[in-house]
Amino acid sequence: MSSDPTDYRQQHDPLRQNCAVKAAIDVIRGRWKPSILWELHHGTKRYSEIAHAIPQITAQALTVQLRQLEADGVITRTVYAEVPARVEYQLSDDGRALSRVMDALEAWGGEYLERQATGNVVSA
């Protein structure tokens with residue numbers, strides 16, 4: 001697997017250029033990205049800590065989604081020259097800004113799930 005973050009950048013999509021919502025969704029779209037971002041919302045984590053917090057994720061999926069988040073500039077990856085090597089992930093400035101949006105999505109999602117559970121689905 002490549003270690004160059006540019007290999008994991010989003011592909012050119014004309015819709016993304018003209019729609020800010022599409023651009024934002026593209027960054028967080030992925031089965032595990034919201035969970036990864038949630039873990040990093042609580043502070044810097046090592047790869048193994050993220051993997052332990054999300055036990056259903058495979059090593060390959062975690063690596064790919066971390067690299068995609070890094071390529072999109074929402075997380076940073078720091079490698080320490082130690083033996084064994086220590087790698088830590090944390091939210092970047094863009095990631096911290098996105099974290100506030102994720103907080104709003106969490107609030108909306110909680111309310112949505114409550115409405116679904118009680119059958120109080122709002123319709124137009």
*Asks:* How long is the span from the OG1 atom in T76 to the CG atom in L40, to the nearest 0.5 Å?
*Replies:*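 Output value for this atom pair is 9.0 Å.
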
*Asks:* So L66 and I50, side-chain contact (heavy atoms from CB on, under 4.5 Å) or not? Walk me through it.
*Replies:* CA-CA 10 Å; L66 284 168; I50 299 168; 4.1 Å; yes

*Asks:* Which atom pair, heavy atoms only, marks the closest approach of G30 to P34?
*Replies:*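 Shortest heavy-atom contact: O-CD, 3.3 Å.
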
*Asks:* Hey, what do you get for CG (D93) to CG (L98), rounding to the nearest 0.5 Å?
*Replies:*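 These two atoms lie 12.5 Å from each other.
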
*Asks:* Can a donor-acceptor pair be found, under 3.5 Å and without considering hydrogens, that links the side chain of Q65 to the backbone of K33?
*Replies:*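 Side chain of Q65 to backbone of K33: a pair is present.
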
*Asks:* Just by modelled atom types, is the H41 backbone N or O under 3.5 Å from a matching donor or acceptor in the S99 side chain?
*Replies:* no

*Asks:* Rounded to the nearest 0.5 Å, how far apart are CZ of R77 and CG of L69?
*Replies:*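 Spacing of CZ (R77) from CG (L69) equals 13.0 Å.
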
*Asks:* So L105 and I28, do their side chains get closer than 4.5 Å, heavy atoms only?
*Replies:*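 With C-beta onward as the side chain, the pair touches.
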
*Asks:* Please check if W38 and I25 belong to a single hydrophobic cluster, counting links between Ile, Leu, Val, Met, Phe, Trp and Tyr side chain heavy atoms closer than 4.5 Å.
*Replies:*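 No.
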
*Asks:* Going by the ring pair (Phe, Tyr, Trp, His ring centres under 6.0 Å) test, which pairs reach into residues 84-119, not counting sequence neighbours?
*Replies:* W108-Y112

*Asks:* Compare every heavy atom of Y47 with every heavy atom of A59, then report the nearest pair and how far apart it is.
*Replies:* O-OH, 3.0 Å

*Asks:* Could you check whether any side-chain heavy atom of Y80 comes within less than 4.5 Å of a side-chain heavy atom of E88, counting everything from C-beta outward?
*Replies:* yes

*Asks:* Contact between E49 and H52 at the side-chain level, heavy atoms closer than 4.5 Å - yes or no?
*Replies:* no

*Asks:* Please report the shortest heavy-atom distance between S92 and G73, naming the atom on each side.
*Replies:* OG-O, 2.5 Å

*Asks:* With rounding to the nearest 0.5 angstrom, report the CD to CD1 distance, E39 to I75.
*Replies:*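 It comes to 12.5 Å.
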
*Asks:* How long is the span from the CZ atom in R31 to the CD1 atom in I36, to the nearest 0.5 Å?
*Replies:* 12.0 Å

*Asks:* Roughly how far, to the nearest 0.5 Å, is the CD atom of E111 from the CD atom of E106?
*Replies:* 11.0 Å

*Asks:* Starting from L62, can I reach V79 by hopping between I/L/V/M/F/W/Y residues whose side chains sit under 4.5 Å apart?
*Replies:*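 Yes, V79 and L62 fall within the same hydrophobic cluster.
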
*Asks:* Show your reasoning for whether salt bridge (charged side-chain N to carboxylate O under 4.0 Å, His left out) applies to D103 and R100.
*Replies:* CA-CA 5 Å; D103 288 342; R100 292 189 294 274; over 6 Å; no

*Asks:* Mind listing the closest non-hydrogen atom pair of I54 and I57 along with its distance?
*Replies:* O-CG2, 2.9 Å

*Asks:* Output yes when a side-chain donor or acceptor of R96 lies under 3.5 Å from a complementary backbone atom of L91, and no otherwise.
*Replies:* yes

